[in-house]
Peer 1: 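Shown below is the structure under consideration.
In this text, all values refer to a predicted model and were calculated from it rather than measured experimentally.
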Amino acid sequence: METYKKIILPEKEMPTKWYNIQADMPNPCLPSLHPVTNKPIGPEDLAPIFPMELIKQEVSKERWIEIPEEVFDIYKIWRPSPVYRAYHLEKLLDTPAKIYYKYEGVSPAGSHKPNTAVPQAYYNKMEGVKRLTTETGAGQWGSALSYACQIFGIDLEVYMVKISYEQKPYRKLMMNTWGAKVFSSPTNKTASGKKVLAEDPDSPGSLGIAISEAVERAATDENTKYSLGSVLNHVLMHQTIIGEEAIKQMDMAGDFPDIVIGCFGGGSNFAGISFPFLRLNLTEGKKVRCIAAEPSSCPKLTKGEFRYDFGDTVGLTPLLPMYTLGHTFIPAPIHAGGLRYHGAGVIVSQLLKDKLIEAQSFHQLECFDAGVKFAKAEGIIPAPESNHAIACAVKEALIAKEEGVSKTILFNLSGHGYFDMSSYEAYFSGKLVEHHLTEEELHADLKKLNTPAAV
Ligand SMILES: *Cc1c(COP(=O)(O)O)cnc(C)c1O
């Protein structure tokens with residue numbers, strides 16, 4: 001019996017285009033609205049903070065967008081990324097299901113995030129931008145963008161959520177190594193940060209607050225633009241290289257997935273692995289189940305509301321039609337820092353509303369339990385975020401066992417956990433506790449919203 005399968009796509013087979021699902025969505029996304037006038041925004045509203053090419057990609061309906069040669073050459077440093085058959089995990093679970101995973105931890109920053117950081121830095125460079133600002137939660141996005149900005153000679157300021165800044169000194173040092181300046185957010189450098197600190201001097205920070213700070217810096221300096229690591233349409237599109245490669249690799253393995261899984265923060269790695277398979281659902285009548293796996297402590301897809309909301313805490317960004325817990329929602333400080341965002345990407349939200357994708361939520365103890373099982377069986381120690389995808393794959397594999405059917409499952413292993421060992425330590429020593437949101441906690445921030453309904 002085979003016990004090992006690593007599927008390497010030859011470099012010459014690497015996809016040369018990103019897939020834009022906006023070309024194939026049965027219901028297009030609702031427009032984003034101006035935060036003050038509530039009118040649909042145009043390119044001129046976004047021009048102060050994003051380069052024009054990314055604004056175009058954000059609303060493009062073209063099915064395929066060519067990957068620029070300069071970006072493609074950098075992708076080749078770690079792409080195509082491998083797909084593995086998880087034989088040992090299958091054996092451990094004693095399941096008839098076949099489990100495959102696509103491993104994005106092979107990038108220099110250790111996650112899928114450089115897939116969009118590199119093109120974003122590239123387009124900014126092409127348009128003469130001197131400095132970028134961004135936020136980071138767990139530090140993966142900040143480190144990916146630091147790497148990309150270093151390549152193209154752009155200065156970078158990173159607003160890092162305070163709790164992660166304190167828990168993850170090595171992610172910060174990684175960013176410093178690649179030349180970025182990193183601040184613990186909320187800071188006293190911006191009006192947004194000062195406002196939050198005035199209300200709560202001990203604020204642990206949140207992605208929403210850090211976004212407010214980074215956007216404010218870009219909006220108030222003409223040589224500075226802003227870059228976001230998830231949620232936006234162009235970011236999700238850049239990640240589709242993952243799934244386009246995976247389609248070819250599953251073909252090489254002589255297999256095709258019944259279920260495709262990604263963990264869910266704002267939607268980028270989930271979109272990356274699943275949109276290319278959804279393309280086959282939408283255009284070739286395939287019936288792949290695409291499942292987004294989110295933390296129960298920040299359950300916007302399974303418990304949030306579909307409505308207009310801000311992308312940040314202070315309310316500087318456009319109003320986005322999305323599943324949200326309310327832009328003032330601050331999740332419990334669970335260790336999967338990268339999944340602590342209050343909202344979901346607009347495209348993913350529309351697809352969920354149209355029931356073209358599914359969402360499930362997982363408690364952190366079952367995620368670490370699944371992650372440790374995976375590490376023992378397959379060797380790679382996953383990022384805490386990726387553990388949510390593994391927990392979902394394990395659950396589906398055990399359902400297949402109960403039903404006595406063989407399913408083929410493909411999940412995205414979005415990153416490695418080598419900078420997250422302190423959260424594993426907390427898990428092993430029993431300090432990691434189950435957090436159960438009460439209905440009251442869930443609805444408190446949604447009740448406060450006075451943003452327009454998304455109809
Ligand atoms: C950032 C991150 C995530 C969550 O972000 P998405 O945009 O939802 O993909 C998941 N896994 C890893 C390893 C990350 O770095």
Peer 1: Can you classify the ring geometry of Y147 versus W78 as parallel (below 30°), tilted (30 to 60°) or perpendicular (above 60°)?
Peer 2: perpendicular
Peer 1: Between I65 and S60, what is the shortest heavy-atom contact and its length?
Peer 2: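 Distance-wise, the nearest heavy atoms are CD1-OG, 3.8 Å.
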Peer 1: Are a donor atom and an acceptor atom from the side chains of E135 and Y226 found within less than 3.5 Å of each other?
Peer 2: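 Indeed, the side chains of E135 and Y226 share at least one donor-acceptor pair under 3.5 Å.
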Peer 1: Look at R85 together with E90 and state whether they make a salt bridge at an N to O cut-off of under 4.0 Å.
Peer 2: yes
Peer 1: If you take the centroid of each ring, where Trp contributes its six-membered ring, are F306 and Y323 closer together than 6.0 Å?
Peer 2: yes
Peer 1: Regarding S414 and S111, is there a side-chain donor-to-acceptor distance under 3.5 Å anywhere?
Peer 2: no
Peer 1: Determine whether D309 and H327 satisfy the following criterion, side chain to side chain donor-acceptor pair (under 3.5 Å), listing intermediate values before the conclusion.
Peer 2: CA-CA 7 Å; D309 196 8; H327 62 279; 2.6 Å; yes
Peer 1: Among pairs that include at least one residue of residues 57-67, which meet salt bridge (Lys or Arg N to Asp or Glu O under 4.0 Å), considering only residues two or more places apart or in two chains?
Peer 2: K17-E66, D24-R63
Peer 1: Please tabulate, for the side chains in residues 370-383, all donor-acceptor contacts under 3.5 angstrom to protein atoms that are two or more places apart in sequence or on a different chain.
Peer 2:
| residue | atom | partner | partner atom | Å |
| --- | --- | --- | --- | --- |
| K373 | NZ | D369 | OD2 | 3.1 |
| E378 | OE2 | H88 | N | 3.1 |
| E378 | OE2 | L89 | N | 3.0 |

Peer 1: Under 6.0 Å between ring centres: does that hold for Y424 and F368?
Peer 2: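 Yes, they do, as the ring centres are separated by less than 6.0 Å.
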Peer 1: Hey, is K300 close enough to E294 for a salt bridge, meaning N to O under 4.0 Å?
Peer 2: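 Salt bridge flag = no for E294 with K300.
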Peer 1: For Q364 and Y427, which I'm curious about, is there any donor-acceptor pair between the side chains at under 3.5 Å?
Peer 2: no
Peer 1: For residues 259-284, which residue pairs qualify under salt bridge (Lys or Arg N to Asp or Glu O under 4.0 Å), counting only residues two or more places apart or in two chains?
Peer 2: E244-R279
Peer 1: Charged N to carboxylate O under 4.0 angstrom, K76 versus D73?
Peer 2: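 Looking at K76 and D73, the cut-off is met.
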Peer 1: Test your reading of the model: is there a side-chain donor-acceptor pair from H388 to the backbone of H363, 3.5 Å cut-off?
Peer 2: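 No, the answer is negative, given that no donor and acceptor are paired below the 3.5 Å cut-off.
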Peer 1: Per the side-chain hydrogen bond (donor to acceptor under 3.5 Å, both in side chains) rule, what does the pair list look like for residues 393-404, sequence neighbours excluded?
Peer 2: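 Listed once each, the pairs are R289-E396, Q360-K395, Q360-E396.
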Peer 1: Could you tell me whether the side chains of E213 and S185 share a donor-acceptor contact shorter than 3.5 Å?
Peer 2: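 Yes, because at least one side-chain N or O of E213 sits under 3.5 Å from a partner of the opposite role on S185.
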Peer 1: Counting only pairs under 3.5 Å, give me each side-chain donor-acceptor contact of residues 261-270, with atom names and distances, residues two or more places apart or in other chains.
Peer 2:
| residue | atom | partner | partner atom | Å |
| --- | --- | --- | --- | --- |
| S268 | OG | H112 | NE2 | 3.1 |
| N269 | OD1 | N412 | ND2 | 3.0 |
| N269 | ND2 | C263 | O | 3.0 |

Peer 1: Residues two or more places apart in sequence or in another chain: which of them pass ring-ring contact (aromatic ring centres under 6.0 Å, His included) with F329?
Peer 2: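 Once residues adjacent in sequence are excluded, F329 has no partner under the ring-ring contact (aromatic ring centres under 6.0 Å, His included) criterion.
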Peer 1: Between F183 and Y159, is the gap from one ring center to the other below 6.0 Å?
Peer 2: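 Yes, they do, as the ring centres are separated by less than 6.0 Å.
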